[in-house]
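Every number for a ligand or one of its atoms is a count from 1 in the order of the listing. For the numbers below, each heavy atom of this structure counts, side chains included, while hydrogens, waters and symmetry mates do not.
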Amino acid sequence: MRIRGIRKDLLSLLLQLGREQHPNEYAGLLREEEGIIEEINLLPGTTSTVRSASLFLDMMPLDTHLAGSVHSHPNGVIRPSDADLAFFPRTGRYHIIVGFPYEVDDWRCFSANGMPVDIGVID
Ligand SMILES: [Zn+2]
């Protein structure tokens, strides 16, 4: 399934979650419907890291609408870490990182191999 974009309301929520969890990191899985990323499944616990997300995936049933993942970088560096690059291919093709200060432009989408991907924001 080719992803056409992300729902604007969801993107706002992803940034808001970053603010709420700061200075902790959060992580979640992104689900798509008909090519639009519409939903986040927050990983359990008040704070989640990419590391705990990997453990969680081992227990998860296969989800055919899984588009990828989202997590926050409280240090504001919106670039995948080595741990992220190991984690991305396990959850899908689209991976959003939101970063401090979590303003409207403080996010980017990456492919599973860590290259920036442009996705639309859909009202
Ligand atoms: Zn990261």
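Checked against the Zn ion (ligand 1), the N, O or S atom of H71 at the shortest distance is NE2. D84 contributes OD2 as its N, O or S atom closest to the Zn ion (ligand 1). When the Zn ion (ligand 1) is compared with the N/O/S atoms of H73, atom NE2 turns out nearest.
D106 and H73 are not linked by any side-chain donor-acceptor pair at a separation below 3.5 angstrom, with hydrogens and angles left out of the test. Using modelled atom types, one finds a donor on one side chain and an acceptor on the other under 3.5 Å when comparing D84 with S81.
For the atom pair CG (L10) and NZ (K8), the distance works out to 13.0 Å, reported to the nearest 0.5 Å.
V77 and Y26 end up in different hydrophobic clusters when Ile, Leu, Val, Met, Phe, Trp and Tyr side chains are linked at under 4.5 Å.
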